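Basis for what follows: all heavy atoms, side chains included, without hydrogens, waters or symmetry-related copies. As the structure is a computational prediction, the values presented were derived from the model and not from experiment. Reminder, nothing fancy here: chain letters follow the sequence lines and each chain counts from 1.
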Amino acid sequence: MMNLIKKTLGRLFKTYPIPNPSNAEELRLNFKSRYHHFKLLLNANNRCLEEMAEMEQALKGDKTFGMSFVRTCCTAISVNVLTMINNMEHLAPDKYPDLGPRFDAIRTQLDHLLHPKARIQEERLVIPFDKINQEMANVVGGKMAKLGEIKNQLDINVPQGFVITATAYERFIHLNDLQDEIDTITQASGADDLKQLDIISAQIQQKIITAAMLDGLETAVHKNWDLLEQNVNRPLQLAIRSSALCEDSLESSFAGQYRSELNVDQENFAQVYKEVVASKYSVQAMTYRLNKGFRDEDIAMCIGCMEMIDAVAGGVIYTRNPVNADDDSVFINSAWGLPKLVVDGSDSFDLLAVSRKQPFTITRRDIGEKTIRYRCSHGDGIEKVPVPENDRTQPSIDDNTALELARISLAIEDYYTIPQDIEWALSQEGRLYILQCRPLQQKKRTAPAPDLPGLDKPLLSGGITASPGTATGPVYRATRDADILWFPENAILLVDQARPRWAPLLNRAAGIISEHGGFAGHLANVAREFSVPAIMNIQGAIETLEPGDVITMDADTCSVYKGEQPAILAKKQPARPSPMKQSTVFRLLEQACDLIVPLNLIDPDATGFRPGSCKTFHDITRFIHERSVHEMFNFGATNNFPEHSSKQLHYHVPLNWWILNLDDGFTKTMTGPYVRLNNIASHPMLAFWEGFILVPWDGPPPVDGRGLMSVMFRSTMNPSLVPGVRSKYADKNYFMISKHYCSLNSRLGYHFSTMEALVSGRAEEDYISFQFKGGAADYDRRLKRVHFIKEILETYDFTVTVREDTLTARMEGQGTEVLKTRLMILGYLSLHTRQIDMIMSNSRRVGFYREKIGNDIDEKIIKPHFNKEEEHHG
Amino acid sequence: MKILLVDDEELFRIAVAKQLAVRGHTVHEAGTGEEGLAMACDLSLDVVLLDMRLPGMNGTATLKEMKRVSPLTEIIMLTGHATVKAAMEAINMGAFDYMTKPMGINELIYKMEDAYTKKRLTKQQLKVTTTPVNNR
């Protein structure tokens, strides 16, 4: 006890030797420079915390982001952690040598995560179909690998052709130094801003189209093209089809997202190649990749070049019903001419269902009215022509062809053991060709709803379920590409044709209604992937449905109702899983977060609180932040420099509050041991103090009649209130201040709190952070108190997290006035929540304190500083 | 504050230069690393905004040379395509910061002010520590 009195008296009457003037000038400058490094360190710490919060927010799964987001966050955090380490080195040279190696170790892991660069082990630029198999998907793309496999393993008839490999793509991109440019352009974009994406897409595509062609590639292609022509002894036009890596998988079909060019002449090859490569950056493909979380660099654009079949009929086969897992019929969609009409969803076509039981039989025959067809033009390209009147309602294939198609497709399904989505064509010579096959995702059909009494007759019914589920929203009629930009969130997309160009709207549309198309089109395919309910081929939709009117659609029964129909929606709410959460980019963000965000260094008094224990970047920032405050505080005392040694706050009497002026925190130079409140120039400290002394504390313990000052004096001078764990700073509350900055470490009662605030008028940089822990009560009651404080702080717009009995609150991006009132609130709470843990098991008293605190804050802090934005708290 | 902008995107230079000039700073511009380096030798610059991606001499090489010829000038690196590796390299070579485009103009200006303060303080400290005591 005597020691303590001596120590306290010693502190009160401490005298400082006066440094000589030249030393003083050097010290002053040195201190100024240290303070600047400290500010830079705090700034970097703040940036780290902001970026970490953004990463954690993204991990909730409701944000769409690409690799540039992950890279930008990781880079910003790495830069700022390194900045903190460098500035710490200025504050305490050579004192923490382990920080650098810890940082390097974590950063190296992060680097490996972000740049795994696996090179494709393939030298060939072009590979003929007969040399291709399933194992080569990473060289020729999934689409062409499957085609090669069924040709070479099952002897199924596919057009002759060859593939331009991923190696060719990579060399083409490398030759023109495009990847860095693409990354730079895409970094500026967000998936939500389609307008921006539109501009970016055009910029990148332009760069690719005007890029130089790879020398060896043209030679190799012409050589292979000539060989195909020699086989048939005539000039050949080819179909140039995208076959990007990661395309055509079960979860991500990329259906219709990339470009294919049909009926291409050999002399136009170079231009067409670049156009198909450029289609990797079409708005719809970029949106699809972003929404599904694919990394741009993982997707090389391989290209299949195959003999063009000028089909008399063609279409798409589903070996099972995609919207009803219980239906095992084979569905053949067929149109006159090229199969493009079916996948584009641009007209009506025939649908035949074949039972898979031997002998195959046709169980359903819907013959559509087919008004148009695609055919090869005489020169390059294809053209749309009307179907002769007599053929319009005739089946586009006969029964034998349908049964043969069923046989071929079931052989493919049998080989791959999962349902298939197969594109086919019937040549002028009557030969069937398979042009593409990919796994088919099946949706479980929702059980039919029982009759709902009181439900009005539907506005519309009919058509085909392209993607099951129910939805409600206002009708938005889209007719041109610009509509994509204006499409409102959660509206029902109403279109004439089910074209793939509407795919970018799938993360915004509540449902899709199309007058044409079927369940085999690209848009239908992608709608199922995104679980967006869709009805296709529903007649009279455009005439009946008024834009802006709210409707409810039931895709299972193909009915559309007026208004919002809770009865329908309640029975069958569609589940909208986040495709992001299963994606590569999402997983990468998770792994990056594991190296960055978790905080293991919590207790500064613990023995493990040292650089060597830092497991994450957050640990490093926490350690540096904590130690930097101490380094700053110690400077004056260590150097016998009174100007920048701490002063004791004199407020009526000397209090156990010690203040270090970092720069311009005092109104004048203070030479003695004390500083009075009217000499304090720090705005944040004054705001905190104003809140602290605003309302006298009236217990517990109960007021003893000596008023506020006695209570404060007692609480700050009574050593018995200091908790058992002692550190250098356990027995005093200390502020570090400048005009705009204030940091407070305090122990009031048995709890420990730190507060830091920058209120400089730079709204982008200003912040308050507050941490609170400990208490004298048992863990359960301490925890309750922490949650009690959390609730109050959240009411006043702090972002609060609680881990064990430690509460952390932050506020940023607010104006000066708001920050000042929040500092007052923290000052008020610092006094009024101490020892409140003791009553946390008594709900009546908790309610009393909650109300009293709420009233005090609203009446005495918010109202006098009233402004409109605070109205809801008043 | 005497500032140099080194970026091959003229539109970006014009936009930033305008904002800085309005705030009373002296702004010089360069479209290449070589040009920027020549200016750094001739002018006594406070802060340089230097793009990583430049035709000819790239940002990193320019940074290295600038730090050699004008060690007190603070250099802020800008990039359109952030990578941890390039950022670490830049900071370890003495860049004041490494920022990702697009950034807010306020954020950029605050950063430059901080860089300028650092330069000023370092200069003052150097002056004090290199002046003989009896001359102070």
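Side-chain atoms of H36(A) come within 3.5 Å of backbone N or O of D114(B) as a donor-acceptor pair.
At a heavy-atom cut-off of under 4.5 Å, chain B is reached by L40(A), N43(A), R47(A) from residues 39-52 of chain A, listed in order of number.
Counting non-hydrogen atoms of neighbouring residues, nucleotides and ligands closer than 6.0 angstrom, the NZ atom of K67(B) exceeds 12 such neighbours. Heavy atoms from other residues, nucleotides or ligands lying under 6.0 Å from NZ of K111(B) number more than 12.
Per-residue heavy-atom pair counts under 4.5 Å with chain A were compared for M99(B), K85(B), M88(B), E107(B), and the maximum is reached by M88(B). Interface remark: of the candidates I91(B), T79(B), T117(B), T117(B) forms the most heavy-atom pairs closer than 4.5 Å to chain A. Ranked by heavy-atom pairs shorter than 4.5 Å toward chain A, the options N92(B), T122(B), L121(B) are led by L121(B).
Heavy-atom distances place the side chain of N86(A), and not its backbone, under 4.5 Å from chain B. Proximity to chain B (any heavy atom under 4.5 Å) is shown, for D177(A), by both the backbone and the side chain. Interface residue F103(A): only side-chain heavy atoms are found under 4.5 Å from chain B. In this structure, chain A has a heavy atom under 4.5 Å from the side chain of R53(B), while its backbone stays farther away.
Between R762(A) and E113(B) the shortest side-chain heavy-atom distance falls below 4.5 Å. The closest side-chain heavy-atom distance from E181(A) to H81(B) is not below 4.5 Å.
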